[in-house]
Amino acid sequence: MACEQDYYTIMCGIQELDFRANAVPCDLVLIGEHAFPLAMNLRGQVLMAASRYGKGRVVVLGHEEYLTRFPDLIKNAVRWLMPCTGGIVGIQKSLCSVAANLNYCSIKTELGDVRSGLAVYITDAYSVDNCAKDLIAFIKAGGGLIMAGQAWHWAATHPQENTIKNFPGNKVCSVAGIYFTKNYGKVGIYPVPRQIPYSWLAVSTGKDFTDDLHVLLEGVSEFDIQGEAVPSEVMVHGPLAFPIAVTPDGKAFIAGAYYGQGRVILLSHESYMDRDSLSTFLINALKWLDQDRKGVIGILPSLQAAQTVLSKSGLDCQLTGFREDLSIYVCTSYSDAQCAEIQEFVAEGGGLMIGGHAWYWAQSYHGGNVMTEYPGNHILNKMGLSLLGNTLSGELYKAPEIEQICKEGYHFRKMLHRFAEHVHLGQKLTNREESSLKQLGNDCASYLHMRCHNRPPYTSMVALLSDIVKLGVLQVSSNSPVKSAKDRLMLHIATELYKVSPEPDALLPYIIKDRATLPTVSNARVWISAKTEGWDEWISTGLYLSPGMKTCITVPPEIIEKNWQVQLGCQTDNIGKAEVLERAPVVHERFPLNAEKVQVCNLWGGLIYVIAPPHSKVDGVEIVVQDAVQAPYFKSGETSVTDWVDRIRQAPAPWAELEFENIIMTLKSEFIRKLDRPDAVAKLWDTIMRSIADLAAKPGKFPRKERFVADVQISAGFMHAGYPIMMHDISAPELVDVQKAYKDGLWGQIHELGHNQQRGVWEFPPHTTECTCNLWSLYVHEEVLGLNGGNAHPDITLKNRQDRIKSYCDGGKDLENWSVWTALETYMQLQENFGWDAFKKVFALYHDMNEVPNDNEGKMNLYAETFSKVVKLNLCPFFKAWGWPIQPDTQEKISHLPEWSDHPVVQYT
């Protein structure tokens, strides 16, 4: 990293710095991408710093006495600042003692004002009011600047002034992201670390924003963002950035920041800049951004409506593109075409009002990195603000209480500082702070997603979070579940940090302590074939990676850069909403196969899959996995029972897969170590799956095999449908126990497979959501397993059925109560009177049906009509007896058919 080399050059040969004596320094605040500390005390206060701006470089010292107290450091700094040897160092006239020190080392010096032709200029922080613009131009052109001073005395003699804005030195150094503050720096003797110093104590806000909020919120009692304009959440992460408008749970949708000499206001939807209901705030914001210049407000031409509202400020609002002569530029966050120019404009004093959301981008570029790829964040990230990909509710929010939001409101840096105090020092968190830990975890993850490893603020944050993780992460498991907010946050940080850490192997033992060493195979060859339709498909490889294990995959040219991926891990459920965690919330990873060689790794390890994208057609291409662990993997038609029993089922990976004609089962290897007859399991499931296709009136061969994954914890229910179908591993043995299946049935498993067969055209949610899927459970249990009625499920014994019908009819046949087992009774009566073939014919007709109604009433009438035509009987009396909203035109359409007047519900009416 370039700044690490810069740090080494400046601090070379210096073992320690003695800050004692009478000189009391001030604390420096660093922002942006290039500023980094040179010296930091035990309180995390920065006493010296360096940075770059334009083509030049800057070194800032927290007291002017340091110019002579640390001559070796000044000599090193001059050499770093000077682009080539032999240049002249200009020195402010009052600092002649500095010139004397430099003359000893053959550096040419000149006392006087800054001028062209100098290589470096040295000045105090108090005498630059009249030459600030000249110094900035000097730095931009490639000059080096050393500035020294403290701002606490100035702040004490100017109590009504804004130190960040008006202290003379800040009018220069702020463009490089270094600010003098009014805070005293703690002095002592401090060793010089080999690398850029950092401390969790340094993670805090750099200013009290009370005065700013008083200006911005004057006359503002509420923020009305109701309507169709959906905002994104704003992450406020810079030391000089602050939330302005927040939801009750502390999520920001309007925020501000200082950046260099300029200021920024971010609104999380561009339409908020033209809302009359927000006009008071918007006018306040313009005045805050303008800083009394009363200059031209340039507004992006596409924001014509915003010009109408912003013109109420009395300022000169013009529709124009970006210009350097503006006082404020108003634009959207959807383009970064002039990113560098806008950042320089703000750094040198301009105001920026920027509006837009990132959620649509996040949805459009699924899997993309909002923090690094969204255009607006290219502008905003270094200013300490970012737009996130999630949405907030557009509601009427009260303006915050200024004192309360400044003292107790959520701010990423402030909350991270408090959490660091909690874990390092044992300081107790308040209830409010405890409730903010989830938000802090999300923000830590977002910040880490910036992945700017060549930027000091980011690398110091990575180091800080690494120290937190090394204090110990609870080893999450079913025997050691994560329950507390603190442990959840530690787990969240560890998981995200591992992905971006430059030294992930050093973190691994603190996150996963007990890692088995498993034997591996080298250069495993896997043949891949796929013919997908409108979905992606997991292709099993029979290989596994241990936690933290890296491997390289050689990718055939046929699938490179064609949206193919590799997935590590079978457990794709995000269980983050669970109150208690028995595993980490997300334990799988995906990587694009976009090169001939792709290196992959997952903190939690997992089975290796190749993911074929929709509409792929590949026949027999080969991937090579450099190193992996063999998994127990049985595939019908390819694996012999003998090989399975003698060798394959003892493969060392902890996860196993059984792949049959139409279904793949993934379960822990412990459940199959003694499985002697995988062929018998295959026969059972082949029959079940073909019967499922049969009832659905589909071909017996599924276009994509269904999947079961049995996990220690899942996101919803005891099982849930999807691809894959997720189930708790307590039920995993039932998948491979043929005798038990014929004895006790597989209701839950078939229920979920039935969910995957449901189609919106004949579904009436929410009534039938947990009902019609059971048609497949009934069919399989009757036709395959030979289990009928109460033998298939206790809720469908004759007595339970009769009681439900009577209760429903006695209750007035209210469709609100027609769901699950009650609704299933309707379909069971149809099946018992007309057989399963009637359902198959109905489903078949729906395959080719067009212009199906979207509403439940329309769909219910169509279903009654369709079923009637299939069985050649007018079923309207039956459906009406169940409370269905049968319309006269439906009755008319099937009036030629004889009525079903002796249907089963008659006896209850």
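Along the sequence shown, the residues carry numbers beginning at 1. The analysis underlying the following values was restricted to heavy atoms, covering all of them including side chains, and did not include hydrogens, waters or symmetry mates.
The residues Lys799 and Asp803 are annotated as salt-bridged, a charged nitrogen and a carboxylate oxygen being separated by less than 4.0 angstrom. Ion pair Glu763/Arg759 not flagged as a salt bridge, since none of the NZ, NE, NH1 or NH2 atoms sits closer than 4.0 Å to an Asp/Glu carboxylate oxygen. A salt bridge is absent between Arg583 and Asp573: the closest approach of a Lys/Arg side-chain nitrogen to an acidic carboxylate oxygen does not fall below 4.0 angstrom.
Aromatic ring pairs are classed by plane angle as parallel below 30°, tilted from 30° to 60° and perpendicular above 60°; the pair Trp685 and Phe708 is perpendicular. Using bins of under 30°, 30° to 60° and over 60° for the plane-to-plane angle, the ring pair Tyr863/Tyr827 lands in the perpendicular bin. The aromatic rings of Phe867 and Phe839 sit perpendicular, their planes meeting at an angle over 60°, well past the 30° parallel limit. Using cut-offs of 30° and 60° on the angle between ring planes, the pair Trp900 and Phe834 is perpendicular. Ring pair His903/Phe878 is perpendicular by interplanar angle, where above 60° counts as perpendicular and below 30° as parallel. Between Phe634 and Trp644, the two ring planes are perpendicular [angle over 60°; tilted spans 30° to 60°]. Between Trp762 and Phe843, the ring planes are tilted. Angles from 30° to 60° get that label.
One side chain, Lys840 or Tyr779, offers a donor N or O that lies under 3.5 Å from an acceptor on the other. Checking Gln758 against Thr772 by side-chain atom types alone, a donor-acceptor pair falls below 3.5 Å. Side-chain contact of Thr666 with Glu657: a donor-acceptor pair under 3.5 Å is present, judged by distance alone. For the residue pair Asn774 and Trp776, no side-chain donor N or O sits within less than 3.5 Å of a side-chain acceptor on the partner.
Geometrically, Arg704 engages Tyr723 in a cation-pi contact defined by less than 6.0 Å to the ring centre and at most 45° from the axis.
Here the two rings, on Phe764 and Trp884, have centers that are under 6.0 Å apart.
To the nearest 0.5 angstrom, Glu537 atom CD is 7.0 Å from Ile664 atom CD1.
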